[in-house]
Amino acid sequence: MTIEEQVKLLKQSVEEIVPEDKLIEKLKKAEKTGKPLRIKYGIDPTGSDVHIGHLVPIRKMRQFQDLGHTGVIIIGDFTAQIGDPTGKNETRPPLTAEQVKINSEKYMEQLYTVLDKDKTEVRYQSEWFGGMTMADVIKLMGKFTLAQFLAHDTFRKRYENGLPLGMHEIMYPILQGYDSVAVEADIELGATEQKFNLLAGRDMQRYFGQEEQVAIMSPILLGTDGVNKMGKSLNNYIAVFDTPKDKYGKVMSIPDNLITNYFNYATNYTPQEIKEIEKRLASGENPKNMKQELARAIVSIYHGQEAGLAEEKAFNEVFAKGKLPDDIPEFAFAEDKLWIVKLLTDTELCKTNGEAKRMLKQNAVSINGDKINNPDLEVELGQEIIVKVGKRRFAKIIKK
RNA sequence: GGAGAGGUUCCCGAGUGGUCAAAGGGAACAGACUGUAAAUCUGUCGGCGAAGCCUUCGGAGGUUCAAAUCCUCCUCUCUCCA
């Protein structure tokens, strides 16, 4: 691939590259010297699920790897204790070494669904921060001014709105910045909200006499609600560990206006193919078709093409034709009769009796296809019955 | 260190002795309509087999027949002054 072709590919689905001309220079240099570029991406091993929003930059890393470069994943065992101020203001409890290990292994397992393991280097912040002295820390902090931090939107907003802002939080960009020095990063990947932190890396490298890294920023993927950024706290995310069925269903529940966005940032569709999708959307074709294609594509990435097709078929059976899914959880009871509310909670279709009664009252419950709304009903447990709550909660009840 | 303002349910936010499981909004959930889309309308939104009772308004005590509300101590946050 020529450098131009490489640049074109690498610029796909990217929001901003700072500075762009340096990227070309670095690629040229790598080609000339045969020395792969070091592509950095940092994660905090806090133990949360990896979702497809996280994977936008990770997929970019994979592209670099396919071009022969090295992916460097930084396990932020120090920054994890701060909590990224660009997100929410939570002060996090320190993690034990053991937790860090468990979390980061789980993390890597998820990232390797995308990354090329042979071209990935995993590094821990504790490798370089663990042995630092207070004098070293003071020196690092002296590289930045308070004004620089207050110029940063998230710090400023929190300050102006009278929200708590811990002194330790300003350490976050400093630590992340120094990581780039420690691993001699050529490129750092991150979401656009990471801009400040990525640029801090450039500053740090300059102070330490290194060639500055290029920051490549991916757009922030919106969650399935179509409003907020994809994230754990809002429960609007599609996780790597989600079942194929959940992935498919979650994609189907996104608002239509997110379709091209997801094609762009969550699939391997080429710009040309995406243009096709856009054309079809504009032509008045039912967006549901494209959404199904999207759901199939996303499932296929993580579970293979067959799984994608299988989920699509299952989805159509259950939701379009109203048939039963083939993987209904089964529960066996010894009783002859069971109070409907108890049945719903025992089968975990509802969390509490209150919820069960509410569902009954709201006409959301059916047994063998018949709507039930009598909260006092004693259900006969003779033969096998199928209980359904809402659109997607099923249970099969059999006699023990 | 001084002065002031605050901490309410998933989130924002009202509530200053009983009528408070706590207004309103958002989120979420369910129903109708659909395409597990959007918009709209309706309903629900601490727990208990539902009677009443139990748990919940930063924490611990106290006053009172009765406390989110009053008192004491503690704790956390913000603002202003050093």
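Within every chain, numbering begins at 1; the chains are lettered A, B, ... in the order of the sequence lines, protein sequences first and strands thereafter. Below, all heavy atoms of this structure are taken into account, side chains as well, without hydrogens, waters or symmetry copies.
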Should [N] form a Watson-Crick or G-U wobble pair with both distances under 3.5 Å, which nucleotide is its partner?
| N | result |
| --- | --- |
| B:G6 | B:C76 |
| B:A22 | none |
| B:C53 | B:G47 |
| B:A27 | none |
| B:A32 | B:U40 |

Problem - Distance-only side-chain donor-acceptor flag, A:Q194 / A:Q176, under 3.5 Å - result: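 Judged by distance alone, the side chains do pair up.
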Problem - Residue pair A:D44 / A:Y172, side-chain donor-acceptor N/O under 3.5 Å - result: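 Side chains of A:D44 and A:Y172: pair found under 3.5 Å.
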Practice task
Taking only the side-chain nitrogens and oxygens of A:T352, find out if one of them lies under 4.0 Å from OP1 or OP2 of B:G47.
Solution key: yes
Exercise for the section: Measure from the side-chain heavy atoms of A:P255 and tell me the nearest of B:U36, B:A38, B:G31. Expected result: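 Ranking B:U36, B:A38, B:G31 by closest atom to the A:P255 side chain puts B:A38 first.
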Exercise for the section: Look at all strands and tell whether A:K250 reaches a base, only sugar-phosphate, or nothing, counting heavy atoms closer than 4.0 Å. Expected result: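 It contacts nothing in the nucleic acid.
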Practice task
With side-chain contact (heavy atoms from CB on, under 4.5 Å) as the test, would you mind laying out the steps for A:M252 and A:Y248 before giving the verdict?
Solution key: CA-CA 6 Å; A:M252 288 311 286; A:Y248 197 96; 3.7 Å; yes
Handout entry: Residue whose closest nucleotide on RNA chain B lies nearer the 5' end, A:G166 versus A:N257
Key = A:N257
Exercise for the section: Answer yes or no on whether A:K101 is positioned over the face of A:Y124, meaning its NZ or CZ is under 6.0 Å from the six-membered ring centre and within 45° of the axis. Expected result: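 Not satisfied by the 6.0 Å and 45° rule.
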Problem - Electrostatic pair A:R393-A:E355, nearest N-O below 4.0 angstrom - result: yes
Completion exercise
Expected string for nucleotides 20-27 of chain B under the B/S/- scheme (protein heavy atoms, under 4.0 Å, primed atoms plus P, OP1, OP2 as sugar-phosphate) is --------
